[in-house]
2 protein chains.
Amino acid sequence: MKLSSSGQGQQAHEGENKCLNSELWHACAGPMVCLPTVGTRVVYFPQGHSEQVAATTNKEVDTHIPNYPDLPPQLICQLQNVTMHADVETDEVYAQMSLQPLTPEEQKDTFLPMELGIPSKQPTNYFYKTLTASDTSTHGGFSVPRRAAEKVFPPLDFSQQPPAQELIARDLHDIEWKFRHIFRGQPKRHLLTTGWSVFVSAKRLVAGDSFVGLLVNFCHRNEKNQLLLGIRRATRPQTVMPSSVLSSDSMLIGLLAAAAHAAATNSCFTVFYNPRASPSDFVIPLSKYVKAVFHTRVSVGMRFRMLFETEESSVRRYYSS
Amino acid sequence: MKLSSSGQGQQAHEGENKCLNSELWHACAGPMVCLPTVGTRVVYFPQGHSEQVAATTNKEVDTHIPNYPDLPPQLICQLQNVTMHADVETDEVYAQMSLQPLTPEEQKDTFLPMELGIPSKQPTNYFYKTLTASDTSTHGGFSVPRRAAEKVFPPLDFSQQPPAQELIARDLHDIEWKFRHIFRGQPKRHLLTTGWSVFVSAKRLVAGDSFVGLLVNFCHRNEKNQLLLGIRRATRPQTVMPSSVLSSDSMLIGLLAAAAHAAATNSCFTVFYNPRASPSDFVIPLSKYVKAVFHTRVSVGMRFRMLFETEESSVRRYYSS
DNA sequence: TTGTCGGCCATCGGCCGACAA
DNA sequence: TTGTCGGCCGATGGCCGACAA
């Protein structure tokens, strides 16, 4: 299982199976994103998955897609594996899940205690700041909010005038970035100067995007606290490009056919979950699903929808039917 | 049909259905790329298509894919539509084709005369040059090969000293680029100076990539000759990234299922053809296929392979079984 | 014929505190 | 507390012919 890792000292490049930091992944994904636990049972909604893929390929789900009579509107699976990833180009975070459909008999098993919902670890010593025009311009550096700097950055030596230090931080791909951190100006403020513009241009940041800083503590192997960084892109007016690899129809068919085939042959299938791409959760813990169904006093089979407000006041949905 | 267009004066942005210049598309695709004609019959090879998609997603075709007993190894279709496209990010050219599987009775029809192969129009007044380290460095401009400049660029006024002019050219997305074209130095040579570095950084060109220049003549609407430009990326050591949208297994299943569904219901399906992505042609004119089969004295159903050497001495393949 | 270089100058990047929101 | 600006200086961009491959 490669859910997370800690103490990953140097750049690891084992094919595409990079072990990226779980806390950093969550810090970039946002506070409302919660991944199911490996080994537990989950409900997979082909409809919600279709909507995410359709949103990504800028395509409406239409009626060209054949029916898959063997594929129920929700599929109870065991979550065999979850790996966290970040897009090499955009740093967009996503998760890859391996789902094992369960037979009707396996579904009847009683709940394991651990299935009652242990949320994945959310980051604690972290901050994010939406970048201003001044932050991203070539004219200057990055103005660090005072509380953020004090909470997350290593303390400065105030006997120096001005107090300054070199910050070393690693991103989702375990690439190292160096910044000059200085406390100066009148009134005094924390700034990142040298190194900042390289970061902005490398990540192609614009005003409205966000910087994420995270302090993690690796207890073992004598390693000290380490600074991690990430970004969150502003939700732009969806300039999704056509895929040029496979037609969106074929993708939607493939999605359904893969799930149906896995269900029929009792084998695993793989899905990608992009928490920031669309507001649809399509893999949710079975325990949460059962609770929701019980709570709303509807029988399984009726259409319902649960709404949650996220931090950005958008909406997350669960699918059922 | 949106195969091509001419006299497209200003930037057109009709959704994603841009009419891009057919000659320019071919100039960027390379001289060996030839698209089948709309309305003719073609042979579609799911196996070759799978290999292209697998190459793009950096995945080997393995045995996880279910069999589609209804899907024959080659499918005779009518080519309903072909549109030429270019990736918004990379300028990579590709074609979208709509294929209509034919019933056994329709397949028995005799050939139409037009099906005997009218190749699509190849560009005439065009050149390409592989960019050198000096071309792509920030230190200077672009050194234009003399014959290329004389053949493709508007003639300079040699009464000026030095002779110079402003070149205006449009790319695959119909975006305008301006360059200062000057004939100077000792010995004299053609150079693109002002404007060149903007182009290099916008297209993210590196030494080894190629610049394509094309002179087209729009006869109607009183338009004069127009200069078009494009690029060809060097074939890099395949840094294909995982898709993060759909698993490669689902994509391969979707590809097969879409074709099988179209064949079963007598409806259209859509494929993308990336001529520079992989050396596999998987949609070829029926006439060419029949000729090849006849020529090599094998019966339909035997495995055969036709080899052609392309300009870059790579290999193009036809698939059959 | 054309790829690379040194020379030269204009422009931009980038660090600073002032000032105000 | 922090976003934007003018001032200032050094780094880089970018145009030129020289020279050689």
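Letters A, B, ... are given to chains in the order of the sequence lines, protein chains preceding strands, and every chain is numbered from 1.
A distance-only check finds a donor-acceptor pair linking the side chain of B:R233 to the backbone of B:T90 [under 3.5 Å]. A distance-only check finds a donor-acceptor pair linking the side chain of A:N21 to the backbone of A:E23 [under 3.5 Å]. Judged by distance alone, the side chain of B:W25 and the main-chain N or O of B:L172 form no donor-acceptor pair under 3.5 Å.
Between the P atom of C:dC15 and the CZ atom of A:F142 lies a distance of 14 Å, rounded to the nearest Å. Between the NE2 atom of B:H139 and the P atom of C:dG7 there is a distance of 10 Å, rounded to whole Å. A:L191 has its CG atom 14 Å from the P atom of D:dT4, to the nearest Å. Atoms CG (B:D135) and P (C:dT1) sit 17 Å apart, rounded to a whole Å. For the pair B:Q186 CD and C:dG3 C1', the computed distance is 16 Å after rounding to whole Å. Atom CG of B:L192 is separated from atom P of D:dC16 by 12 Å (rounded to the nearest Å). The distance from atom NZ of A:K188 to atom C1' of C:dC19 is 15 Å, rounded to the nearest whole Å. Atoms CZ (A:R184) and C1' (C:dC16) sit 5 Å apart, rounded to a whole Å.
A ring-centre distance under 6.0 Å is not found for B:F142 and B:F179.
Here B:S143 lies in heavy-atom contact (under 4.0 Å) with sugar-phosphate atoms only. Residue contacts shown for A:S137 are absent, as no nucleic acid heavy atom lies under 4.0 Å away. As judged by a 4.0 angstrom heavy-atom cut-off over every strand, B:P187 is placed among the base-contacting residues. Using a 4.0 Å heavy-atom cutoff across all strands shown, A:T193 reaches sugar-phosphate atoms only and no base atom. Backbone-only engagement by A:T132 is indicated by non-hydrogen atom pairs under 4.0 Å involving sugar-phosphate atoms exclusively.
Comparing atom distances between the B:A133 side chain and each of C:dT2, C:dT4, C:dC15 picks out C:dT4 as nearest. Taking every side-chain heavy atom of B:R146 into account, C:dT2 is the closest of D:dT2, C:dG3, C:dT2.
Applying the 3.5 Å distance criterion, the base of C:dG14 shares no donor-acceptor pair with the side chain of A:R180.
Residue A:T194 places at least one side-chain N or O closer than 4.0 Å to OP1 or OP2 of C:dC15.
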Report the secondary structure of DNA chain D in dot-bracket form, marking unpaired bases with a dot and bases paired to a different strand with |, and treating Watson-Crick or G-U pairs with both distances under 3.5 Å as paired. |||||||||||||||||||||
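When the shell of 6.0 Å around NZ of A:K178 is examined, it contains 12 or fewer heavy atoms from other residues, nucleotides or ligands.
A salt bridge is absent between B:D209 and B:R204: the closest approach of a Lys/Arg side-chain nitrogen to an acidic carboxylate oxygen does not fall below 4.0 angstrom.
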Taking it one step at a time, do B:K129 and B:D135 satisfy salt bridge (Lys or Arg N to Asp or Glu O under 4.0 Å)? CA-CA 10 Å; B:K129 180 200 174 188; B:D135 289 330; 2.8 Å; yes
